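When reading the values below, keep in mind they use all heavy atoms of this one structure, side chains included, and skip hydrogens, waters and symmetry mates. Residue numbering restarts at 1 for every chain, and letters A, B, ... go by the order of the sequence lines. Predicted, not measured: the structure shown is a model, and the values here were computed from it.
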Protein chains: 2
Amino acid sequence: MSRLAAPSVLGYALLELLARAPCTGYELTQTMDYPVGHVWAARHSQIYPTLIDLEARGLVRHRVVAGRGPRDTKRYTVTAKGKRALVSWVGSPFRVPESRNEFLLRVRALWLTDRARALELVRAAYDHHRARLAMYQADEARFDDRDRHDPKQPGFTTYATLRAGIGYEQHMVAWCEWMLASLD
Amino acid sequence: MSRLAAPSVLGYALLELLARAPCTGYELTQTMDYPVGHVWAARHSQIYPTLIDLEARGLVRHRVVAGRGPRDTKRYTVTAKGKRALVSWVGSPFRVPESRNEFLLRVRALWLTDRARALELVRAAYDHHRARLAMYQADEARFDDRDRHDPKQPGFTTYATLRAGIGYEQHMVAWCEWMLASLD
DNA sequence: ATATACATGTAACAAGTTACATGATTTA
DNA sequence: TAAATCATGTAACTTGTTACATGTATAT
């Protein structure tokens with residue numbers, strides 16, 4: 001989080017949220033939990049220092065306001081400079097990063113174990129992905145036509161990532177079914 | 001990489017590879033590059049220290065042998081203790097970790113940019129995922145019937161992760177096509 | 001009475017990236 | 001003769017996790 005290199009990916013994630021609407025750090029931790037956390041996870045212990053860093057770079061600014069709860073809270077907004085940095089990031093060269101999937105790594109190691117334990121791992125994943133799929137599909141029903149069709153609306157890109165989530169969960173559910181059948 | 005906590009996920013990834021066949025650090029870096037790297041990526045600068053750590057824990061052991069190239073190389077094997085640690089890891093409780101997908105994070109931010117740049121990002125991803133899919137499908141053709149059907153063969157679990165990769169790339173290709181159509 | 005929500009931080013550590021370092025042999 | 005392959009390491013840095021730290025108000 002030095003002031004010389006570019007902001008971290010999390011920094012841009014927070015900027016993008018703040019570009020949609022000013023938020024407090026606390027509200028950001030909640031939105032980062034869901035839905036953004038399903039795309040880029042972060043804990044409050046990383047979010048608060050990142051906000052301080054973004055402010056040191058002049059990309060956001062805060063005002064102390066009365067909180068919903070018992071104490072004061074800081075409401076952050078994106079500065080003009082922050083908006084420019086964000087737009088520049090979105091258009092900057094991008095390579096799909098290498099992935100890390102601990103579940104599939106364990107699947108690779110299943111030949112070392114017995115059938116019961118293999119089934120246990122895959123069934124737990126199956127339950128998890130079916131639950132996620134149901135949750136995402138319930139979310140999808142809430143989007144209105146403008147969100148579904150106008151790419152300039154923030155709602156559209158949220159919808160687009162939700163569609164990606166649904167497709168992913170469908171794929172994982174199908175894979176688990178194939179795997180469970182193969183283990184029999 | 002302290003000697004007190006459990007080995008890292010990468011440590012188990014290397015153990016699993018060595019349980020299939022003894023390897024040198026150099027060979028491990030190549031296998032980690034592909035195919036394992038598509039499930040758990042790591043560079044040689046992380047792999048070599050991890051091997052040293054695994055050896056300090058007594059989970060692997062090495063012998064210096066003549067290398068293919070000009071210099072000597074270290075051939076690592078899993079110890080009995082290493083095999084037990086690996087089997088215990090495979091059966092240990094597992095929760096699907098939170099994900100980090102920078103591509104989808106950028107997609108979320110596309111409302112901030114113009115149609116041309118949005119198309120550019122999605123088309124690059126489209127090309128990437130179609131190329132991956134073709135590569136995986138070519139790989140799949142090479143698996144024989146024993147690998148496809150016997151869950152106790154290491155080849156089967158490799159095949160299973162490859163099937164997961166194919167399903168994932170198919171999902172991403174379909175999503176990109178939907179997205180490109182939506183941007184029109 | 002107890003737990004949850006509100007609200008924001010720091011510290012110690014683990015994991016991962018990039019760059020530096022070396023140098024022979026084989027292939028184009 | 002230039003580049004790629006073989007072969008193994010270290011150092012500085014960034015990123016992310018877990019635990020520590022504090023304290024009020026509201027709901028159960």
If you apply the rule side-chain contact (heavy atoms from CB on, under 4.5 Å), what do you find for A/M179 with A/L121, and how did you get there? CA-CA 11 Å; A/M179 188 68 178; A/L121 181 79; over 6 Å; no
I'd like to compare against my own output: the B/S/- annotation of nucleotides 17-26 of chain D with a strict under-4.0 Å heavy-atom distance to protein. BBB--BBBS-
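Remark: B/Y48 is not in phosphate contact with D/dG9, judged by side-chain N or O atoms under 4.0 Å from OP1 or OP2. At D/dC6, none of the side-chain N or O atoms of B/T73 fall inside 4.0 Å of OP1 or OP2 (strictly under the cut-off).
Here D/dT15 presents its C1' atom at 12 Å from CG of A/D53, a figure rounded to the nearest Å. Rounding to whole angstrom units, CD1 of residue A/I47 and C1' of C/dT10 are separated by 16 Å. Between A/H62 atom NE2 and C/dG9 atom C1' there is a gap of 13 Å when expressed in whole angstrom units. Straight-line distance from the CG atom of B/L28 to the P atom of D/dC6: 14 Å, rounded to whole Å. With rounding to whole Å, A/M32 atom CE is found 13 Å from D/dT15 atom C1'.
In this structure, A/H38 has its ring center closer than 6.0 angstrom to the ring center of A/Y136.
A side-chain donor-acceptor contact under 3.5 Å links A/R106 to the backbone of B/W89.
Using a 4.5 Å heavy-atom threshold, the side chains of A/K152 and B/W111 count as separate. Using a 4.5 Å heavy-atom threshold, the side chains of A/R75 and A/H62 count as separate.
Where A/L10 and B/D72 each meet DNA chain D at their nearest nucleotide, the meeting point lying more 5' is that of B/D72.
In the region residues 14-27 of chain B, proximity to DNA chain D at under 4.0 angstrom, judged on heavy atoms, holds for B/G25, B/Y26.
Here C/dC6 is the nucleotide among C/dC6, D/dT8, C/dT10 with the atom lying nearest to any side-chain atom of A/Q30.
Ion pairing between a basic and an acidic side chain is recognised when a charged N comes within 4.0 Å of a carboxylate O; A/E27 and A/K74 show no such pairing.
Under a cut-off of 6.0 angstrom, the local environment of CZ in B/R61 is sparse, with at most 12 non-hydrogen atoms contributed by other residues, nucleotides or ligands. Counted within 6.0 Å of CZ on A/R117, heavy atoms from surrounding residues, nucleotides or ligands total 12 or fewer; the atom is thus considered open.
Each of A/D53, A/L59, A/L54 was evaluated against A/L14; a single residue qualifies, A/L54, per the side chain to side chain contact (heavy atoms under 4.5 Å, CB included) test.
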